[in-house]
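All ligand and atom numbering here is 1-based and tracks the order in the structure.
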Amino acid sequence: MKIASIGSGNMGGTLGRRWAAQGHQVMFGSRDPQSDKIRNLLQAAGTNAQAGTVREAVAFGEVILLAVLPSDVERILEETGDLNNKILINCTNRLDGKSADLEVLRLAQNARVVRAFNTLAWEVIANPQYGPMSATAFLSGDDSEAKEVVTRLISEIGLDPVDVGGSANMEKIETAMGTLWGIFSPQFGRDYSLRILRREADTGDR
Ligand SMILES: NC(=O)c1ccc[n+]([C@@H]2O[C@H](COP(=O)([O-])OP(=O)(O)OC[C@H]3O[C@@H](n4cnc5c(N)ncnc54)[C@H](OP(=O)(O)O)[C@@H]3O)[C@@H](O)[C@H]2O)c1
């Protein structure tokens, strides 16, 4: 697929690199596509990656990852304008307790918004493997077809996708994950993760 990443920092850089390594065509949309930072990122991401302006990346991508700081979200979504029914993956988090999901749903013009990756530290996305298991990536959104596409993009980089439904559920998960972060990160650092263990219901046929 053609994927645009608006943001080339911890989240955008890591996800873009990983998708490029899987054979996707990735364009990083940047304020300064010629910067040393972008040059180094492109070197690490290989020949499937390129960089351009935010507008060029948005025109290029069938899927657009929004991976900027919360303070930049409004300005960038004004700049991108009509997103032509493309899939927009929102991994942004706000630090003021307000919902970054509702903000992007309100501001993104004509986009199929899927919320994903926001519950994971970038270090976990860079390496989601814990022995034989991998970290769970929750996703939410109202468009099932868009969620199917994002589910595949999650699986391809070795994460375990779990669709939690719509915004209301995702907000509850974010709150819960924030609480757990306060308890576990002092002990395990940023590299710990959670996995939803599931199995077929026991039918009692023994
Ligand atoms: N870090 C994590 O582990 C983590 C986990 C879950 C969710 N998140 C969320 O993900 C989002 C990104 O976090 P991050 O850690 O990746 O931040 P980051 O490393 O600071 O990267 C932010 C990126 O936004 C870019 N940017 C800012 N304004 C821009 C503009 N006008 N046009 C194009 N690019 C612009 C920056 O480019 P410049 O280099 O030009 O400034 C930078 O590449 C945040 O909302 C955060 O809450 C982060």
Side-chain angles (χ1 to χ4, degrees), residues 3-20 26-42 44-45 49-61 64-81 83 88-108 113-128 135-140 150 153-154 157 159 161 164 170-171 173-182 184-185 188-194:
I3 303 173
S5 177
I6 311 304
S8 44
N10 297 317
M11 293 295 276
T14 304
L15 282 162
R17 255 191 301 114
R18 300 225 53 207
W19 283 324
V26 174
M27 187 186 279
F28 296 102
S30 169
R31 286 180 282 198
D32 184 5
Q34 315 295 338
S35 68
D36 287 347
K37 194 187 91 174
I38 294 284
R39 200 170 310 124
N40 291 340
L41 176 59
L42 293 182
Q50 57 185 306
T53 62
V54 171
R55 278 176 190 276
E56 283 167 344
V58 166
F60 170 89
I64 298 157
L65 171 72
L66 182 66
V68 297
L69 297 179
S71 47
D72 292 317
V73 166
E74 184 164 2
R75 193 160 36 86
I76 285 175
L77 288 178
E78 262 168 28
E79 190 182 339
T80 54
L83 292 164
L88 181 75
I89 306 176
N90 175 18
C91 76
T92 66
N93 281 328
R94 294 174 62 120
L95 303 172
D96 59 3
K98 293 197 182 132
S99 166
D101 195 12
L102 293 184
E103 182 191 31
V104 170
L105 285 170
R106 181 172 57 83
L107 294 172
V113 179
V114 177
R115 186 136 175 80
F117 304 109
N118 56 305
T119 58
L120 294 167
W122 72 266
E123 292 91 337
V124 175
I125 297 170
N127 177 14
T136 289
F138 298 107
L139 70 150
S140 68
V150 177
L153 290 174
I154 291 172
I157 56 171
L159 285 156
V164 302
M170 182 56 103
E171 274 188 53
I173 286 173
E174 285 168 19
T175 305
M177 297 286 272
T179 304
L180 294 177
W181 179 264
F184 292 129
S185 65
F188 301 123
R190 294 178 52 85
D191 248 310
Y192 87 89
S193 198
L194 299 176

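Remark: side-chain polar atoms of Arg18 are paired, donor with acceptor, to backbone N or O of Ile125 under 3.5 angstrom. The main-chain N or O of Thr92 is found under 3.5 Å from a side-chain atom of Arg115 such that the two form a donor-acceptor pair. Using modelled atom types, one side-chain atom of Arg39 and one backbone atom of Gln34 make a donor-acceptor pair closer than 3.5 Å. A side-chain donor-acceptor contact under 3.5 Å links Arg55 to the backbone of Glu79.
Taking the side chain as every heavy atom from C-beta outward, Tyr192 and Glu123 never approach each other to under 4.5 Å. Looking at heavy atoms from C-beta onward, Ile89 lies in side-chain contact with Leu65 at the 4.5 angstrom threshold.
Within the model, atoms CD of Glu74 and CZ of Arg106 stand 6.5 Å from one another, a figure rounded to the nearest 0.5 Å.
At the top of the distance list for atom 33 (C) of ligand 1, counting protein heavy atoms only, stands Val54 CG2, 3.5 Å. In this structure, atom 34 (N) of ligand 1 lies nearest to the protein heavy atom Gly29 O, 4.0 Å. Among protein heavy atoms, atom 44 (C) of ligand 1 sits closest to Val68 O, 3.2 Å. If you check which protein heavy atom lies closest to atom 43 (O) of ligand 1, you get Ser8 N, 2.8 Å. Of the protein's heavy atoms, Arg31 NH2, 3.2 Å lies nearest to atom 38 (P) of ligand 1. Atom 39 (O) of ligand 1 has its closest protein heavy atom at Lys37 NZ, 2.2 Å. Considering only non-hydrogen protein atoms, atom 13 (O) of ligand 1 sits nearest to Met11 CG, 3.9 Å. Protein heavy atom nearest atom 21 (O) of ligand 1, with residue, atom name and distance: Gly9 CA, 3.5 Å.
Residue Asn93 touches ligand 1 through backbone and side chain together, judged by heavy-atom distances below 4.0 Å. Looking at Thr92 against ligand 1, both its backbone and its side chain come within 4.0 Å, counting heavy atoms.
Atoms of ligand 1 lying under 4.0 Å from any heavy atom of Arg75, numbered from 1 in the order shown and given with element: 31 (N). Taking every non-hydrogen atom of Trp122 and a distance limit under 4.0 Å, the qualifying atoms of ligand 1 come out as 1 (N), 2 (C), 3 (O). Atoms of ligand 1 lying under 4.0 Å from any heavy atom of Gly7, numbered from 1 in the order shown and given with element: 23 (C), 24 (O), 25 (C), 43 (O). Atom numbering of ligand 1 starts at 1 in the shown order; those under 4.0 Å from a heavy atom of Pro70 are 45 (O). Near Cys91, meaning under 4.0 Å from any of its heavy atoms, are these atoms of ligand 1: 7 (C), 8 (N), 9 (C), 10 (O).
Looking at Asp32 and Ser30, their side chains never bring a donor and an acceptor atom within 3.5 Å of each other.
Judged by the shortest distance from any of its heavy atoms, Leu120 lies inside the 4.0 Å radius around the atoms of ligand 1. Residue contacts with ligand 1 leave out Arg94, since none of its heavy atoms falls under 4.0 Å from the ligand. Residue Asp32 places every heavy atom at 4.0 Å or more from ligand 1.
In plain terms, the two heavy atoms of Val113 and Asn90 that are nearest each other are CG1-CB, 4.3 Å. Closest heavy-atom contact between Pro33 and Thr53: CG-N, 4.0 Å.
Between Arg55, Glu123, Arg190, it is Arg190 that holds the heavy atom closest to atom 2 (C) of ligand 1. Between Ala121, Ala57, Ala67, it is Ala67 that holds the heavy atom closest to atom 22 (C) of ligand 1.
Checked against a 3.5 angstrom limit, the closest N/O atoms of Asn10 and ligand 1 fall inside it.
Applying side chain to side chain donor-acceptor pair (under 3.5 Å) to Glu174 and the options Thr119, Asn93, Asn118 leaves one that passes, Asn118.
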Do Ile157 and Leu153 pass the side-chain contact (heavy atoms from CB on, under 4.5 Å) test, and can you show the C-alpha distance, the side-chain angles, and the key distance before you say yes or no? CA-CA 7 Å; Ile157 56 171; Leu153 290 174; over 6 Å; no
After noting the C-alpha distance and the side-chain angles of Glu103 and Leu77, does the key distance pass the side-chain contact (heavy atoms from CB on, under 4.5 Å) rule? CA-CA 10 Å; Glu103 182 191 31; Leu77 288 178; over 6 Å; no
